[in-house]
Amino acid sequence: MDVVICAWAEVEEWMEQREFDFVISIGASQSAPPPPLDAPPASLRVCRLEFYDTLDGGPDGPHEYHVLALIDFCEEIIEADGAALAHCEMGVSRSAAAALILLAVAMGPGRERASVGMLETLEGGDRARPNARIIALADEILGRDGDLLSAMLQVYGA
């Protein structure tokens, strides 16, 4: 699976280096996406989500509807077998959680530990520290009975 995890400041450089079919763009509430995502080409499918990198369900943090939208988008990526770029502000927590969800959906139930193990092999995965709230929400939505969150916490902690 061709997935890159990066920071806001790296998006333009990555998009010049490689062709992507899909972008998961995560920013703070009411923030603008990075160039060139402010005017993406029509061929590029972009899922823009806006929430802060928090571990609680506060008003500006990650919520179930964000994760539902992300899972739906991940299913599109998998169906198209497309190349994907996942970014957030620092390229560490929210984008890593998005990439882990993509891997978990692609690999299916029972492969949660393998999904977590594969995360660090992705470009940018070496700095990954997935947001535990996002993963907990995905675990519940995907019906993974705590296995995805547990596998993530064993490797990355809270």
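Everything numeric here is computed off the predicted structure, so don't read it as measured data. Along the sequence shown, the residues carry numbers beginning at 1.
Counting only distance, with no hydrogens or angles, the side chain of Asp145 and the backbone of Asp147 share no donor-acceptor pair below 3.5 Å. Judged by distance alone, the side chain of Glu112 and the main-chain N or O of Gly110 form a donor-acceptor pair under 3.5 Å. Under a 3.5 Å cut-off, the side chain of Arg144 and the backbone N or O of Ala104 do form a donor-acceptor pair. Although no hydrogens or angles enter the test, the distance criterion places no donor-acceptor pair under 3.5 Å between the side chain of Asp60 and the main chain of Phe51. Listed for the Asn131 side chain is no donor-acceptor partner under 3.5 Å among the backbone atoms of Arg94. In this structure, the side chain of Arg45 does not engage the main chain of Val23 through any donor-acceptor pair within 3.5 Å. One N or O on the side chain of Asp139 and one on the backbone of Gly146 form a donor-acceptor pair closer than 3.5 Å. Proximity of a side-chain donor or acceptor of Glu120 to a complementary backbone N or O of Gly125 within less than 3.5 Å is not detected.
Atom CE of Met118 has 12 or fewer heavy atoms from other residues, nucleotides or ligands within 6.0 Å. With a 6.0 Å radius and a threshold of 12 heavy atoms from other residues, nucleotides or ligands, Asp81 has its CG atom at or below the threshold. By the 6.0 Å contact criterion, CD on Gln17 is enclosed, its count of non-hydrogen atoms from other residues, nucleotides or ligands being greater than 12. Within a 6.0 Å radius of CD in Glu12, other residues, nucleotides and ligands contribute more than 12 heavy atoms.
For the atom pair CD1 (Ile77) and CG (Leu102), the distance works out to 5.0 Å, reported to the nearest 0.5 Å. Note that SG of Cys47 is 6.5 Å distant from CD1 of Ile24, once rounded to the nearest 0.5 Å.
Side chains of Glu123 and Arg18 form a contact here, defined as non-hydrogen atoms less than 4.5 Å apart.
A salt bridge links Arg127 to Glu10: at least one charged side-chain nitrogen sits closer than 4.0 Å to a carboxylate oxygen.
Tyr65 and His63 have parallel rings, their planes meeting at less than 30° on a 0 to 90° scale where 60° marks the start of perpendicular.
Inspection of the Ser25 and His87 side chains reveals an N or O donor paired with an N or O acceptor under 3.5 Å. Checking Arg48 against Ser31 by side-chain atom types alone, a donor-acceptor pair falls below 3.5 Å.
Note: the hydrophobic cluster containing Val3 also contains Ile71 (ILVMFWY, side chain heavy atoms under 4.5 Å, direct or indirect links).
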